[in-house]
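Along the sequence shown, the residues carry numbers beginning at 1.
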Amino acid sequence: MAVTSIGAQLVAEFERMVRRDGGEVVLLAEEGDLIRVGYRPGSAGPDCKDDVCVLPQHELRQLMAETLRRRAPGRELVMEVLP
């Protein structure tokens, strides 16, 4: 069985969340205590029609950082918005 890194596990968990609105989260790098992820927001409108809303970058980053702190104290998350 393959061992999955903390960064890959984190990205997989939140990828499911953002995929609903057409968004994407990808692991860019995992170097020492630093995990870099990329976020490409989805295309759903801000009015949340059909119960689909785009998760703002700062909210997603906060959720991911809190999850990371619980699972791997001392690790740091850096998020970049992708075009």
Side-chain angles (χ1 to χ4, degrees):
M1 175 163 55
V3 175
T4 305
S5 71
I6 293 290
Q9 291 172 9
L10 187 68
V11 165
E13 180 178 336
F14 284 89
E15 171 67 16
R16 288 190 295 269
M17 181 186 297
V18 301
R19 195 177 324 145
R20 291 180 296 183
D21 65 22
E24 177 183 25
V25 178
V26 295
L27 181 62
L28 300 175
E30 193 165 357
E31 302 156 340
D33 288 340
L34 182 67
I35 297 173
R36 288 182 44 238
V37 298
Y39 175 46
R40 183 172 290 114
S43 58
D47 56 5
C48 300
K49 287 184 181 174
D50 300 325
D51 295 328
V52 176
C53 301
V54 173
L55 187 61
Q57 173 204 356
H58 65 279
E59 288 181 26
L60 178 61
R61 189 205 171 283
Q62 182 177 356
L63 289 170
M64 291 181 78
E66 288 171 2
T67 301
L68 180 61
R69 270 192 298 276
R70 285 192 305 272
R71 293 186 185 161
R75 297 263 180 112
E76 181 182 352
L77 179 76
V78 174
M79 179 178 284
E80 300 175 21
V81 176
L82 303 174

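To the nearest 0.5 Å, atom CZ of residue R61 and atom CZ of residue F14 are 12.0 Å apart. The CG atom of L63 lies 11.0 Å from the CG atom of L77; values are rounded to the nearest 0.5 Å. Considering CD1 of I6 and CG of D33, their distance stands at 11.5 Å, rounded to 0.5 Å. Rounded to the nearest 0.5 Å, atoms CD1 (I35) and CG (L68) are 4.5 Å apart.
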Handout entry: side chain to side chain contact (heavy atoms under 4.5 Å, CB included) between M17 and M64, intermediate numbers included
Key = CA-CA 11 Å; M17 181 186 297; M64 291 181 78; over 6 Å; no
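Side-chain atoms of Q9 come within 3.5 Å of backbone N or O of T4 as a donor-acceptor pair. No donor-acceptor pair closer than 3.5 Å links the side chain of E80 to the backbone N or O of G38.
Side-chain contact between V78 and R36 is present, with heavy atoms from C-beta onward closer than 4.5 Å. No side-chain heavy atom of E24 sits under 4.5 Å from any side-chain heavy atom of R19. V25 places none of its side-chain heavy atoms less than 4.5 Å from the side chain of M79.
When every heavy atom of A29 is checked against every heavy atom of E31, the shortest pair comes out as CB-OE2, 3.8 Å.
Applying the side-chain contact (heavy atoms from CB on, under 4.5 Å) criterion to L82, with sequence neighbours excluded, gives V26, R40.
Checking E66 against Q62 by side-chain atom types alone, a donor-acceptor pair falls below 3.5 Å.
For the side-chain contact (heavy atoms from CB on, under 4.5 Å) test with S5, the passing option among V11, L27, L10 is L27; the others fail.
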